[in-house]
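Below is one structure, written out as structure tokens; the observations come after it.
Read the numbers this way: they start at 1 and go in the same order the structure lists the ligands and their atoms.
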Amino acid sequence: VKAGVWTGPGQIDCLDWPEPGIADDTVLVQVAFCGFCGTDASIIEGRFAAGAPPRVLGHEVSGVVAAAGSAVRDLAPGDRVACNILSPCGGCPWCQAGQPNHCARSFIAAQGLAEYAAYRPDQVYVLPESIPLDHGALLEPVANCVYAVDRARLRAGDTVVVFGGGPIGLMTAQVARLAGAGTVVLVEPDGARRALGLALGVDAALDPAETDPAALAATGGRRGGFDVAIEASGQPDALAGAMMALAAGGRLVVVSIFDPASVVAIAPYLLYEKEIELTGAHATTHTFPRALKLLHRLDLGPLITSVEPLAQISDVYRRHREPGRVKTLVRP
Ligand SMILES: [Zn+2]
Ligand SMILES: [Zn+2]
């Protein structure tokens with residue numbers, strides 16, 4: 001089959017690859033769409049540990065079940081589905097503690113940039129009739145955004161600032177709104193992405209170059225800042241700004257993948273004085289079922305900048321950071 005293969009530093013190519021085998025307890029999915037994700041770029045550029053090349057990438061998958069192993073119940077050929085990259089073991093200490101995203105033995109079937117991909121049934125979710133397959137490919141990142149909002153312990157009426165207007169930032173802004181956020185402010189340098197954020201319903205979209213942290217905090221309300229900050233930009237300056245923008249009792253959730261070598265100076269006094277909570281949201285934890293129920297409430301169409309054939313995968317990677325681009329879907 002044709003597949004998008006990470007072949008070395010800064011390199012992804014469309015190559016011939018063996019068709020994934022099917023076992024009694026797996027299903028074979030004919031991939032309809034696979035999102036190209038910033039995480040894929042991080043892997044290609046060596047900033048996210050994911051084994052060694054050559055490897056098929058891609059983890060934002062929708063498609064149709066092509067074949068199901070003899071032990072598989074509840075899934076059948078023809079089912080329209082979306083897939084979770086993670087298949088936690090259920091038995092390791094992290095799984096037992098309810099943190100399957102940290103599973104020590106997780107079976108990762110992140111081979112979605114291909115004509116066919118194999119999954120265990122617990123990784124596969126049947127899409128409602130109302131969800132088109134291109135939107136279904138966004139179930140995985142939406143589940144990530146739901147987890148970020150969970151980690152923020154968002155309460156109805158909370159003020160929220162989102163740093164970064166990429167796919168995760170723009171979807172988290174929408175999920176936060178649906179979860180009851182009173183005000184949602186987007187901070188994003190790209191004007192086209194700010195305009196998209198406003199079209200998707202954020203209350204304000206600010207350019208970080210023209211907004212000092214004190215002015216940003218003032219937009220968070222009378223308590224002198226925001227209740228929740230979501231860091232979805234991966235920019236060290238944004239993280240420091242996010243701490244400044246929080247009100248007392250504020251929660252900051254890092255959902256972006258920073259360069260592992262980057263270091264940010266923060267003022268511990270702020271942690272003390274404002275009782276700020278600083279945490280992260282790594283992948284997903286029990287959030288796929290809720291993301292599936294939320295999908296029809298999200299405005300996903302405008303986030304899909306273009307759909308490209310798998311043969312163009314090198315080009316998709318090269319262009320994924322161009323101005324105004326949000327999500328690229330790849331169509332095998
Ligand atoms: Zn992703
Ligand atoms: Zn485990």
Side-chain angles (χ1 to χ4, degrees), residues 4 6 12 31-45 47-51 55-63 82-114 117 119-120 122-123 125 134-149 151 164-172 174-175 230-234 253-258 280-288 291-292 295 298 300 303-305 307-308 313 316-317 320-321 325-330:
W6 167 40
I12 182 166
V31 177
F33 297 95
C34 180
F36 187 84
C37 176
T39 309
D40 295 315
S42 295
I43 293 169
I44 293 165
E45 290 157 13
R47 287 181 281 111
F48 187 84
R55 247 199 84 179
V56 179
L57 301 184
H59 56 270
E60 301 177 356
V61 170
S62 67
C83 306
N84 184 356
I85 176 181
L86 300 173
S87 178
C89 76
C92 76
W94 290 272
C95 284
Q96 297 274 318
Q99 297 172 286
N101 55 333
H102 298 294
C103 174
R105 294 191 291 263
S106 182
F107 168 70
I108 294 180
Q111 314 251 308
L113 282 169
Y119 292 93
R120 286 189 355 194
D122 63 315
Q123 297 175 281
Y125 294 82
D134 56 345
H135 293 193
L138 299 178
L139 178 63
E140 195 273 348
V142 168
N144 189 207
C145 298
V146 171
Y147 184 45
V149 168
R151 294 285 287 165
I168 293 292
L170 291 173
M171 287 190 287
T172 304
Q174 292 188 53
V175 173
I230 303 289
E231 205 316 289
S233 76
V253 179
V254 176
V255 68
S256 53
I257 299 178
F258 276 80
H282 176 96
T284 59
T285 297
H286 311 304
T287 51
F288 264 75
L292 191 62
L295 225 43
L298 300 171
L300 298 174
L303 301 178
I304 301 170
T305 308
V307 179
E308 308 288 345
I313 188 64
V316 166
Y317 161 60
H320 86 284
R321 287 190 187 92
R325 180 164 288 281
V326 182
K327 176 59 74 181
T328 308
L329 294 186
V330 176

Legend entry - Donor-acceptor contact below 3.5 Å, side chain E231 vs main chain S233: yes

Legend entry - Polar side-chain atom of R325 near backbone of T305 as donor-acceptor pair, under 3.5 Å: no

Legend entry - Atom pair CG/OG of L57 and S42 - distance to nearest 0.5 Å: 11.0 Å

Legend entry - Side chains of S87 and R120, donor plus acceptor under 3.5 Å: yes

Legend entry - Under 3.5 Å: donor-acceptor pair, side chain of R105, backbone of P88: no

Inset, instruction - Calculate the angle formed at the Zn ion (ligand 2) by SG in C89 and SG in C95; 10° precision is enough. - result: 120°

Inset, instruction - Check whether any N, O or S atom of C92 sits under 2.8 Å from the Zn ion (ligand 2). - result: yes

Inset, instruction - Check the Zn ion (ligand 1) and write out every protein N, O or S atom at under 2.8 Å, as residue and atom. - result: C37 SG, H59 NE2, E60 OE2

Legend entry - Check ion pair E45-R321 (N to O, under 4.0 angstrom): yes

Legend entry - Short side-chain to backbone donor-acceptor contact, E140 and A143, under 3.5 Å: no

